[in-house]
Undergrad: 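Please find one structure pasted underneath; my questions will follow.
Both counts, for ligands and for their atoms, begin at 1 and track the order of listing. Only a predicted model underlies this, so the values are computations on that prediction, with no experimental measurement involved.
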Amino acid sequence: MTFDYAPAPESRAVVDIAPSYGLFVDGEFVPAHDGKVFKTVSPSSEEVLSEVAQASAEDVDRAVKAARKAFEKWSALPGAERAKYLFRIARLVQERSRELAVLESLDNGKPIRESRDADLPLVAAHFFYYAGWADKLDHAGYGHNPRPLGVAGQVIPWNFPLLMLAWKIAPALATGNTVVLKPAETTPLSALFFADICRQAGLPKGVVNILTGDGSTGAALVAHPGVDKVAFTGSTEVGKAIARTVAGSDKKVTLELGGKAANIVFDDAPLDQAVEGIVNGIFFNQGQVCCAGSRLLVQESVAEELLDALKRRMRTLRVGDPLDKNTDIGAINSAEQLARITALAEAGEAEGAERWSPSCELPSAGYWFAPTLFTGVTQAHRIAREEIFGPVLSVLTFRTPAEAVEKANNTPYGLSAGIWTEKGSRMLWMANKLRAGVIWSNTFNKFDPASPFGGYQESGFGREGGRHGLEAYLAPSSPEGAR
Ligand code: TAP
C-alpha cells in the first residue's frame with residue numbers, strides 16, 4: 001500500500017505505510033474488540049500517517065491469553081532453538097533497516113541520521129546479543145534449569161520506539177518468556193512493522209503480541225492477573241502508579257523512569273571534545289532522552305571559554321526535516337511535549353535565568369523547538385530540577401570537585417552522568433561519589449547491549465541490557481538455582 005495523501009518524497013517512498021493497522025494478537029493483525037481506532041500523526045508535518053486500532057481491556061485479555069498459551073511450547077524449546085528465531089529477527093531488522101529508519105523518523109520526528117546510524121544498529125545489536133545468551137543460560141550461574149517468569153507485559157515510551165521495544169522483547173524471548181507489548185500512542189508504527197518481522201521470522205503465534213492504544217491500554221495490561229512480569233519505561237509519575245497497581249501481587253517489576261543528568265566539565269578537559277559531548281548529550285533526539293545531559297556543570301575557570309565554543313557549535317546545528325540527511329535536530333514528538341518544553345523554558349526566564357538560542361528558522365507546520373541554552377541558572381530554578389525532555393540545556397558552574405559532586409547529586413533522579421577530565425584518578429573518584437546508574441567519562445550517550453542500564457531513586461529500579469537484563473526475566477528454579 002502507498003500513501004493516500006501528499007506525494008511522497010523519494011526517501012519517504014522507501015516504506016509503505018498502510019492506511020490502517022489492527023492489533024497483533026496470536027500471530028494475526030485483528031481489529032480492536034470494540035472497533036475503536038486512533039490516528040498517528042507525523043510530528044514534522046502534522047500529516048496523518050495511519051489509523052491504528054485502540055486496544056481495550058478485552059483485547060488485553062485476548063492477547064495475554066494468547067501469550068499464556070504460547071508460553072508452554074516457547075519456554076520448553078531448547079535455548080538454541082529460541083536463539084535461531086532471535087538471530088533471524090536480528091537479521092531481518094538489518095535487512096529492513098532502511099524502511100524502519102524512515103518509518104521511525106516519520107512517526108517520531110527524529111533525524112534520519114540518528115534513526116539510521118544509532119537506533120537501528122542498536123536494535124539489531126540487542127537481538128544479536130540476547131540471541132547469543134539463549135543457549136548459555138544453564139551455564140551462566142542461573143542454576144541448572146533457569147525458569148522464565150511467564151507472560152511479560154511491557155509498556156514503552158515514544159522517544160526510542162523501536163529501541164525500547166528491542167530492550168524489552170529481546171531478553172524476554174531469550175529467557176523463554178512470551179510478550180504483550182504496548183507502544184506509546186504517538187509512535188505505534190515501528191512496533192507494528194516489527195510484528196510483521198516476527199511473522200516473517202516464523203516466530204510461533206502468540207510469542208509476541210503488540211497492542212496499540214493509550215494509557216488506559218497500558219493500565220489494563222499491567223493490572224491483568226495473567227501477567228507475571230511488568231517492564232515499564234516512561235515517566236516517573238506513571239511508574240509510581242504502576243508500582244501501586246502491582247503492589248501486593250507476585251508480579252516482578254522493572255521501572256526505567258526519568259532523569260536529570262549532570263554533564264560535568266573540569267578545567268583540564270579537552271574542551272573541543274567536551275563541546276561535542278555536550279551537544280550530543282542534550283541535542284541527540286531533540287533532548288527527549290531519559291539520560292540526556294540536561295545540566296551542564298562547568299568549572300568556573302573555563303566557563304566563559306567553554307560557553308563561547310558551545311554557542312559557536314550550536315550556531316551550526318541544522319533544525320528541520322527529519323528525512324533530510326543533513327538535519328541535526330528534528331521535530332518534537334507531539335504538541336503536548338512541545339507545550340511541556342515551552343512552559344519549562346518560560347519558567348526558566350521568569351525565574352531569572354538568561355535564555356539564548358542561535359537564530360534558526362523553524363518550519364511552519366509540525367512541532368519544533370530551537371536548541372536553547374540557559375545561563376545564570378541556580379539549583380533552585382525549575383529548569384535545574386525538573387526533567388524538561390527537550391533541547392534545553394541548563395548551565396551551572398562549580399569551583400571544586402566536591403562542589404561538582406554536591407550539585408550533580410542534588411536531584412531526586414539518578415540515571416546517568418558525564419565527567420570530562422584528563423585525570424584518571426579524578427574520574428574514578430567522581431564515579432564513586434556520583435549517584436547515577438550510568439556514568440560516562442569523556443563521552444556521552446554511549447550505548448552497548450552488553451552494558452546494564454538503569455537508575456537509582458526516582459529514575460526507577462532494575463537493569464536492562466547485559467547479563468543483568470536477563471535476571472529481570474528469570475526465576476531460580478531449584479535450590480541450586482536459587483541465589
Ligand atoms: P509516560 O506518559 O509515562 O508514557 C510511557 C508509556 O506508558 C506510554 O506507552 C503510555 O501510553 C503508557 N501509559 C500512560 N499512562 C499509563 C498508565 N496509567 N498505566 C500504564 N501505562 C501508561 O511517558 P512519556 O510521556 O511517553 O515519556 C516521557 C517520560 O519517559 C520522560 O519522563 C522520560 O524520562 C521517561 N523515559 C525514561 C526512559 C528510561 S530508560 N529511564 C526512557 C524513555 C523515557 P500513551 O503513550 O498512550 O500515553
Side-chain angles (χ1 to χ4, degrees), residues 36 38-41 43 52-57 60 107-108 110 119 122 153-168 180-188 191 210-224 227 230-246 251 253-261 284-292 294 332-341 344 386-390 411-416 436-438 445 447 451-465 469:
K36 283 198 179 148
F38 64 94
K39 290 179 170 51
T40 185
V41 168
V52 174
Q54 158 77 43
S56 64
V60 168
D107 209 15
N108 168 281
K110 62 175 72 203
D119 297 54
L122 279 168
Q154 306 180 322
V155 180
I156 56 171
W158 42 260
N159 58 345
F160 293 93
L162 201 59
L163 185 57
M164 290 298 114
L165 173 150
W167 280 27
K168 299 276 181 286
V180 180
L181 177 134
K182 191 202 92 68
E185 194 180 349
T186 56
T187 53
I210 307 285
L211 294 182
T212 46
D214 60 14
S216 70
T217 313
L221 178 58
V222 301
H224 194 288
V227 166
V230 172
F232 172 77
T233 296
S235 61
T236 297
E237 189 192 345
V238 173
K240 284 181 180 174
I242 289 175
R244 283 194 294 273
T245 302
V246 301
K251 289 176 188 171
V253 189
T254 40
L255 301 175
E256 299 276 4
L257 309 175
K260 189 73 188 173
F284 175 59
N285 206 29
Q286 295 71 247
Q288 302 166 133
V289 184
C290 48
C291 50
S294 53
I332 301 300
N333 181 248
S334 65
E336 292 73 29
Q337 187 59 21
L338 180 60
R340 251 181 259 163
I341 300 168
L344 271 163
E386 295 178 31
E387 184 178 46
I388 301 175
F389 225 58
T411 167
Y413 295 109
L415 192 54
S416 64
V438 181
N445 274 341
F447 303 101
S451 300
F453 184 92
Y456 292 106
Q457 308 188 99
E458 292 204 1
S459 292
F461 50 80
R463 294 291 179 266
E464 290 186 313

Undergrad: Measure the distance from atom 9 (O) of ligand 1 to every protein heavy atom, then report the residue, atom name and distance (to 0.1 Å) of the closest one.
TA: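 The protein heavy atom lying closest is Ile156 O, 2.8 Å.
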
Undergrad: Could you list which atoms of ligand 1 come closer than 4.0 Å to a heavy atom of Phe453?
TA: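 What qualifies from ligand 1 is 40 (S).
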
Undergrad: So which heavy atom in the protein is nearest atom 27 (O) of ligand 1, and how far is it from that ligand atom?
TA: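 For atom 27 (O) of ligand 1, the nearest protein heavy atom comes out as Trp158 NE1, 3.6 Å.
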
Undergrad: Nearest 0.5 angstrom please: Asp214 CG to Glu185 CD, how far?
TA: 5.0 Å

Undergrad: What atoms in ligand 1 come closer than 4.0 Å to a heavy atom of Arg340?
TA: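 Counting atoms of ligand 1 from 1, those under 4.0 Å from Arg340 are 25 (O).
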
Undergrad: Specify the protein heavy atom at minimum distance from atom 14 (C) of ligand 1: its residue, its atom name, and the distance to 0.1 Å.
TA: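 Going by distance alone, atom 14 (C) of ligand 1 is nearest to Gly215 CA, 3.5 Å.
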
Undergrad: Mark the output for Phe160 as yes if a heavy-atom distance to ligand 1 is under 4.0 Å, and as no if none is.
TA: no

Undergrad: Could you find the nearest protein heavy atom to atom 1 (P) of ligand 1 and give me its residue, atom name and distance?
TA: Ser235 OG, 3.5 Å

Undergrad: Starting from atom 46 (O) of ligand 1, find the nearest protein heavy-atom neighbour and note its residue, name and distance.
TA: Glu185 N, 2.9 Å

Undergrad: Could a heavy atom of Gln154 be found less than 4.0 Å from some atom of ligand 1?
TA: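 For ligand 1, residue contact (heavy atoms, under 4.0 Å) with Gln154 is absent.
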
Undergrad: Please report the closest heavy-atom contact between Thr212 and Pro183, naming both atoms and the distance.
TA: CG2-CG, 4.0 Å

Undergrad: Could you tell me whether the side chain of Leu162 reaches within less than 4.5 Å of the side chain of Asp119, counting heavy atoms only?
TA: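 A side-chain contact is absent here, since even the closest heavy-atom pair is not under 4.5 Å.
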
Undergrad: Quick test: of every protein heavy atom, which one is nearest to atom 11 (O) of ligand 1, and how far off is it to 0.1 Å?
TA: Lys182 NZ, 3.1 Å

Undergrad: Would a 4.5 Å heavy-atom cut-off, applied to side chains only, mark Cys291 and Asn445 as touching?
TA: yes

Undergrad: Check step by step if side-chain contact (heavy atoms from CB on, under 4.5 Å) holds for Val227 and Val180.
TA: CA-CA 9 Å; Val227 166; Val180 180; 5.9 Å; no

Undergrad: For ligand 1, which atoms sit closer than 4.0 Å to a heavy atom of Ala219?
TA: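 Those of ligand 1 that fall under 4.0 Å from Ala219 are 19 (N), 20 (C), 21 (N).
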
Undergrad: For a quick test of reading the model, state the closest non-hydrogen atom pair linking Ser294 to Lys260 and the distance between them.
TA: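 Looking at all heavy atoms of both residues, the closest pair is OG-CD, 3.6 Å.
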
Undergrad: Short list, please: which atoms of ligand 1 are under 4.0 Å from a heavy atom of Gly218?
TA: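 Atoms satisfying the 4.0 Å criterion: 19 (N), 20 (C), 21 (N).
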
Undergrad: Which one of Asn159, Val238, Val230, Thr233 has a non-hydrogen atom at the shortest distance from atom 5 (C) of ligand 1?
TA: Thr233

Undergrad: Give the residue, atom name and distance (to 0.1 Å) of the protein heavy atom nearest atom 47 (O) of ligand 1.
TA: Asp214 CA, 2.9 Å

Undergrad: Please give me the minimum heavy-atom distance between Val222 and Val246, naming the atom from each residue.
TA: O-CG1, 4.0 Å

Undergrad: Just going by heavy-atom distances, which of Tyr413, Phe389, Trp167 is nearest to atom 28 (C) of ligand 1?
TA: Phe389

Undergrad: Determine whether the side chain, the backbone, both or neither of Glu464 has a heavy atom under 4.0 Å from any heavy atom of ligand 1.
TA: neither

Undergrad: Which atoms of ligand 1 sit under 4.0 Å from any heavy atom of Leu415?
TA: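 Heavy-atom distances to Leu415 below 4.0 Å select 41 (N).
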
Undergrad: Please determine, by modelled atom types, if Lys168 and Thr233 share a side-chain donor-acceptor pair under 3.5 angstrom.
TA: yes

Undergrad: Roughly how far apart are Trp158 CH2 and Asp107 CG, rounded to 0.5 Å?
TA: 12.5 Å

Undergrad: Could you list which atoms of ligand 1 come closer than 4.0 Å to a heavy atom of Cys290?
TA: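 Answer, ordered by atom number: 34 (O), 36 (N), 37 (C), 38 (C), 39 (C), 40 (S), 41 (N), 42 (C).
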
Undergrad: Tell me, do Phe232 and Leu257 make a side-chain contact under 4.5 Å, heavy atoms counted?
TA: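 When only atoms from C-beta onward are counted, Leu257 and Phe232 do touch, with a gap below 4.5 Å.
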
Undergrad: Going through the distances and angles, do Phe453 and Trp167 end up as a ring pair (Phe, Tyr, Trp, His ring centres under 6.0 Å)?
TA: CA-CA 10 Å; Phe453 184 92; Trp167 280 27; 5.1 Å; yes

Undergrad: Kindly give the heavy-atom pair with the smallest separation between Thr186 and Thr40, and that separation in Å.
TA: O-OG1, 3.4 Å

Undergrad: Which protein heavy atom lies closest to atom 37 (C) of ligand 1, and at what distance to 0.1 Å?
TA: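 It is Leu257 O, 2.9 Å.
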
Undergrad: So is Gly213 close enough to ligand 1, meaning a heavy atom under 4.0 angstrom away?
TA: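 The answer is yes: ligand 1 sits under 4.0 Å from a heavy atom of Gly213.
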
Undergrad: Show me which atoms of ligand 1 lie under 4.0 Å from any heavy atom of Val155.
TA: 6 (C), 7 (O), 9 (O), 12 (C), 21 (N)

Undergrad: Give a yes/no verdict on whether any heavy atom in Phe232 is under 4.0 Å from an atom of ligand 1.
TA: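 Flag set, Phe232 near ligand 1.
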
Undergrad: Identify which of Gly258, Pro157, Gly234 has a heavy atom lying nearest to atom 35 (C) of ligand 1.
TA: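 Looking at heavy atoms only, Gly234 sits closest to atom 35 (C) of ligand 1.
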
Undergrad: Judged by modelled atom types alone, do Thr187 and Asn333 share a side-chain donor-acceptor pair under 3.5 Å?
TA: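 Thr187 vs Asn333: no donor-acceptor pair found between side chains.
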
Undergrad: Taking N or O atoms only and a 3.5 Å limit, does Thr186 qualify as a polar contact for ligand 1?
TA: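 The answer is no, given that Thr186 and ligand 1 share no N or O pair closer than 3.5 Å.
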
Undergrad: For Phe38 and Pro188, work out which heavy atoms get closest and say how close.
TA: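 Nearest heavy atoms, Phe38 then Pro188: CE1-CG, 4.4 Å.
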
